[in-house]
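Here's the structure we're looking at; comments come further down.
The first residue of the sequence shown is numbered 1, and numbering continues consecutively from there.
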Amino acid sequence: MLMLRAATARAASTVVAGARRRPGLLPVAVAGLSSSSSGPPSGGKRRKGQRRGEAKPQPQPLPGHSEIPSNKKANARPAKDRRKVRPAEEAPQGPSGQGQEIELRKQPPEKPKRVVRWRCATGCGACCKLDKGPEFPTPDEVFADFPDHLQLYKSMIGPDGWCNNYDKSNRTCNIYEDRPFFCRVEPKVFEEFFGVPRSKFDREACSACVDNIKMVYGQDSPELGNFKRVIREESSKHEASMNEVKLLDTTNTTGT
């Protein structure tokens with residue numbers, strides 16, 4: 001409290017000192033405070049019937065009332081609050097009568113999907129691990145409607161879970177040209193066994209290979225890095241080929 005009072009006194013002295021440094025500041029303030037009792041200054045606006053130098057008559061209370069009537073309205077708004085209030089914009093009404101939210105910001109354009117093209121990575125062999133563990137569908141689930149494929153698939157599983165036709169020394173398939181139908185990574189196989197449409201084959205095939213490589217070799221394995229590199233190269237080639245075809249089509253259309 002003492003600090004607060006000292007600060008108040010210091011502020012008051014600063015105002016007075018400033019008034020002394022600035023001629024005319026303090027007299028004007030005092031004149032403004034005493035104008036109600038001393039009347040208007042010389043040259044001020046006079047009321048009708050008032051002589052120059054005569055004090056302004058004070059309002060008198062009405063008979064039977066102890067308060068002096070005021071010219072202000074009862075519900076008058078303070079001067080600082082007398083602002084023009086803009087009416088709020090109403091949201092457009094939909095067919096159901098409910099207000100629909102106005103979208104002020106434009107939606108950013110959607111980025112085109114990156115072109116993905118699948119290709120087998122040489123020296124991988126992760127798909128030849130036929131016993132894939134509990135994280136993958138069982139052969140009975142995959143080949144539920146194909147008993148012949150199920151029997152052939154189970155007969156190819158070796159004691160260590162790898163395919164009997166897989167050469168581990170050089171990571172190649174001994175019957176690659178004559179491999180069974182379910183060993184071929186092709187759109188028809190994915191559509192028949194997994195219900196994947198042709199338009200999504202490349203992405204689904206890449207995803208399946210990534211899962212297999214992670215399961216067999218690990219998430220940080222060089223096999224996974226090599227596969228991703230192969231996919232990037234193949235996808236870039238395919239995208240360049242697509243752009244070239246579009247350019248040729250545009251040129252032919254313009255020429256005609």
Side-chain angles (χ1 to χ4, degrees), residues 107-246:
Q107 296 292 340
E110 296 183 358
K111 295 182 179 180
K113 292 185 178 180
R114 184 171 56 91
V115 177
V116 176
R117 192 74 169 181
W118 176 87
R119 195 183 75 178
C120 182
T122 305
C124 178
C127 60
C128 296
K129 183 69 179 295
L130 301 184
D131 187 5
K132 301 183 183 303
E135 296 181 358
F136 292 81
T138 63
D140 297 275
E141 294 174 347
V142 176
F143 302 107
D145 299 331
F146 308 94
D148 296 337
H149 291 296
L150 176 60
Q151 184 178 1
L152 178 59
Y153 187 92
K154 289 184 176 181
S155 65
M156 295 169 58
I157 302 176
D160 55 356
W162 288 85
C163 178
N164 294 325
N165 300 305
Y166 179 64
D167 188 353
K168 297 179 183 178
S169 59
N170 52 19
R171 294 188 177 184
T172 56
C173 177
N174 295 327
I175 59 169
Y176 185 79
E177 298 298 331
D178 299 326
R179 64 191 185 280
F181 178 74
F182 51 76
C183 289
R184 301 174 183 270
V185 184
E186 299 173 357
K188 185 177 180 180
V189 177
F190 272 64
E191 185 175 5
E192 185 170 350
F193 286 115
F194 306 107
V196 177
R198 292 177 178 268
S199 59
K200 297 182 179 181
F201 162 74
D202 288 285
R203 291 186 177 273
E204 291 295 331
C206 291
S207 178
C209 286
V210 168
D211 292 340
N212 276 277
I213 295 172
K214 287 182 179 180
M215 185 269 296
V216 177
Y217 301 115
Q219 186 173 359
D220 300 326
S221 61
E223 287 82 3
L224 182 59
N226 180 56
F227 175 76
K228 291 182 178 180
R229 178 187 60 80
V230 170
I231 296 303
R232 285 195 300 268
E233 293 176 356
E234 187 69 18
S235 301
S236 299
K237 291 180 182 179
H238 182 66
E239 185 174 9
S241 178
M242 291 176 58
N243 293 335
E244 186 177 354
V245 171
K246 291 180 181 179

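Residues satisfying the side chain to side chain contact (heavy atoms under 4.5 Å, CB included) test with Pro197, not counting sequence neighbours, are Ser199, Lys200. Looking at residues two or more places apart in sequence or on another chain, you find a side chain to side chain contact (heavy atoms under 4.5 Å, CB included) between Asn170 and Asp167, Thr172. Taking Arg184 as the reference, nothing meets the salt bridge (charged side-chain N to carboxylate O under 4.0 Å, His left out) condition, with sequence neighbours excluded.
Residues Phe227 and Cys209 meet the side-chain proximity criterion, which asks for heavy atoms closer than 4.5 Å. Under the 4.5 Å side-chain criterion, counting only non-hydrogen atoms from C-beta, Phe194 is not in contact with Glu204. Considering only heavy atoms from C-beta on, Asn226 stays 4.5 Å or farther from Cys124 through its side chain. Looking at Ser155 and Leu152, their side chains come closer than 4.5 Å, going by heavy atoms from C-beta outward.
In this structure, Glu233 does not pair ionically with Lys237, as no charged nitrogen and carboxylate oxygen lie closer than 4.0 Å. Under the 4.0 Å criterion applied to side-chain N and carboxylate O atoms, Glu135 and Lys214 are not assigned as salt-bridge partners.
Residues Phe143 and Phe182 bring their aromatic ring centres within 6.0 Å.
A cation-pi arrangement is present between Arg179 and Tyr176, with the terminal nitrogen or guanidinium carbon under 6.0 Å from the aromatic centre and inside a 45° cone about the axis.
Under a 3.5 Å cut-off, the side chain of Ser235 and the backbone N or O of Arg232 do not form any donor-acceptor pair.
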